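What follows is a set of notes on a single structure, which appears directly below.
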Amino acid sequence: MAKKTQKKLSAWDIVQIARHAERPNIADIIRLVCSDFVELHGDRLFGDDRGLIGGFATIGGEKVVLIGHRKGRGVDENIDANFGMASPEGYRKAMRLMRLAEKYGLPVVSFVDTPGAYPGSEAEARGQAEAIAHNLEFMSTLRAPMVIVICGEGGSGGALGIAVGDRILMLQNAVYSVISPEGCASILWRDGTKAPQAAETLKITAPSLKKLGIIDEIVPEPAGGAHTDPAAALAEIKKAVLANLAELKKISLDDLLQQRYEKFSAMGRF
Amino acid sequence: MSWFEKPAEAPASAPAETVWAVCPSCKAYIATKTWQDAGKVCPRCNYHARLSGRERIAVLTDAGSFKEFNSAIGVNDPLGFKDASGSYADKAKAAAAKTGAGEAVLTGTAKICKIEVVLAVMDFKFLGGSLGSGTGERILLAAEKAVALKRPLIIVSASGGARMHEGIVSLMQMAKTCAAIARLKEAGLPYISILTDPTTGGVSASYAMVGDLNIAEPKALIGFAGRRVIEQTIKQKLPDDFQTAEYTLSHGFLDHIVPRKELKNFVAKILRYAGF
């Protein structure tokens, strides 16, 4: 696949790159994009989700509140991180940290990489739907500049639950979708093997989403994908985040909130 | 012969299906008029059958008070979506023909026990009540209208979730509708969310769960992920009451479960507490 040029990659090829086991994850971002990170644990209600983490971070001298899904590397880490599938306590922790950002006058930078919110019975019992819904409402009026980066998989409501903001960036080989291609294929084609076709039809790649007005900017990746040269990929992420933070800083919070409302209101208005 | 027993032979004067309705739950035969008058609640087993948008408006609002707006906002097909069973455009046309509506939600002003409200009522018969861009736009405009009129917003949800055929644009309707509701709340106006059977996926994970009050009808299915997906994930069978309104209430996510025949008066009472 790495030999194919970027232009020839199908949507399904890009899904494989987005899910690649060696794709830079939140730990790599913290290590290589941030000069400092203080993790803040817990939602103060039930527990500390390991599939969605956050804290104070410094990026290129800028102090921010960082939140992000956590995919692990290797089996043990992935089991600890629940493969990046956040539980209600993850979304509630994210909200708590975003509140701190507002209070301390810090911007929020959110890194999205999840197959989806955890579909388990405990997650249902503790209100997965309510946790995501409240974040959507809360993020729409949060008085802090917010930069969202779709890094790998943007899996449906589980991604959106930390992806409402002022600038939505997306890595060149990330995907962002209302449903996984496999899920869509099994429901609408009644055949899970039609996932490549569903991936194409759903328009889940960065160029398609830019055209649809869902994302603002595509962050370039090294040829073959971010995993082939993580340092280069992370340098691009850092550059893009800092440029967008600098732009957002120039806008008053009142104007920012109005623009954020208009941005999301306009989505799907044809 | 009691009302739920099927007669040996249907009266010859009319086709059987116009005289007898069958409860989808207990399979009792009920005189159609009794069934309709009860708002499609089974007098035998209390099963609350799904209502169309118009039927819901009839049981919830003062007769003739509903004035629809934005009915011209219809389905968009931003992806030009086609799957094995045909094009989304054709399915949307069929849904519109079946329901007589242009989208999966009807919005307008209405009176509930003489209290003026802005009302949005979803219709599960329209593509499973799925949240498309037209649905989201109608709901956003309803919330904005409530702010402009300084009236409470009532949304009755009935939806399987996001509308896959609109892909990511459908997902964004979750954020869009919640942004509008956040503004309504900032304006100090009440938002009552009524969750009916079923309210799941992207609708439960957006506007349906953020009411000042979340109320539901008995036994309504309410949840985020589908039962089958969860069973596959945890590799266990789930109890029968999983994701029912009763389960959701006991876990702290609903204020009340209200039988359909009491719903109108209950909503009016809450609105009076809210100062209307």
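Remember, predicted model here, so these are calculated numbers, not experimental data. In what follows, every chain begins at residue 1, and chains take the letters A, B, ... in the order their sequences are listed.
We find the CG-CD distance between Leu202(A) and Glu166(B) to be 12.0 Å, quoted to the nearest 0.5 Å. With rounding to the nearest 0.5 angstrom, the CD1 atom of Ile187(A) is 4.0 Å from the CE atom of Met164(B). Taking CG from Leu160(A) and CE from Met172(B), the interatomic distance works out to 5.0 Å, rounded to the nearest 0.5 Å. Note that the CD atom of Glu124(A) and the CD1 atom of Ile222(B) stand 11.5 Å from one another [nearest 0.5 Å]. Here Met267(A) contributes atom CE and Met174(B) contributes atom CE; the two are 13.5 Å apart, rounded to the nearest 0.5 Å. Taking OG of Ser140(A) as the start and CD1 of Ile181(B) as the end, the distance is 9.5 Å to the nearest 0.5 Å.
A 6.0 Å sphere centred on CG of Asp76(A) holds no more than 12 heavy atoms belonging to other residues, nucleotides or ligands. With a 6.0 Å radius and a threshold of 12 heavy atoms from other residues, nucleotides or ligands, Arg19(A) has its CZ atom above the threshold. Within a 6.0 Å radius of NZ in Lys219(B), no more than 12 heavy atoms belonging to other residues, nucleotides or ligands are found.
By number of non-hydrogen pairs under 4.5 angstrom with chain A, the leading residue of Ala175(B), Ala208(B), Gly226(B), Gly201(B) is Ala175(B). Interface check for chain A: of the options Ala205(B), Cys178(B), Ser133(B), the most heavy-atom pairs under 4.5 Å are formed by Ala205(B). Residue with the most contacts toward chain B among Ile204(A), Thr141(A), Leu188(A): Leu188(A) (heavy-atom pairs, distance under 4.5 Å). Of the listed residues Gly161(A), Ser265(A), Ala266(A), the one with more heavy-atom pairs under 4.5 angstrom with chain B than any other is Ser265(A).
Looking at Leu212(A) and Leu79(B), their side chains come closer than 4.5 Å, going by heavy atoms from C-beta outward. Using a 4.5 Å cut-off on side-chain heavy atoms (C-beta onward), Leu171(B) and Ser156(A) make contact. Side-chain contact between Tyr88(B) and Thr201(A) is absent, with no heavy atoms from C-beta onward closer than 4.5 Å. Using a 4.5 Å heavy-atom cutoff, the side chains of Met209(B) and Ile132(A) are not in contact. Contact check for Leu140(B) versus Arg269(A): side-chain heavy atoms found under the 4.5 Å cut-off.
Looking at Lys82(B), the atoms closer than 4.5 Å to chain A (heavy atoms on both sides) all sit in the backbone: N, CA, C or O. Proximity to chain A is limited to the side chain of Glu144(B), based on heavy atoms less than 4.5 angstrom apart. In this structure, the portion of Gln243(B) lying under 4.5 Å from any heavy atom of chain A is its side chain and not its backbone. Heavy atoms closer than 4.5 Å to chain B are found in both the backbone and the side chain of Tyr176(A).
Tyr247(B) approaches Ser121(A) most closely through the heavy-atom pair OH-O, 3.9 Å. For the residue pair Ser206(B) and Ala133(A), the shortest heavy atom distance occurs at O-CB, 3.3 Å.
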| message | Apply side chain to side chain contact (heavy atoms under 4.5 Å, CB included) to residues Ile234(B) and Glu122(A) and explain how you reach the verdict. | response | CA-CA 10 Å; Ile234(B) 63 171; Glu122(A) 292 291 294; over 6 Å; no

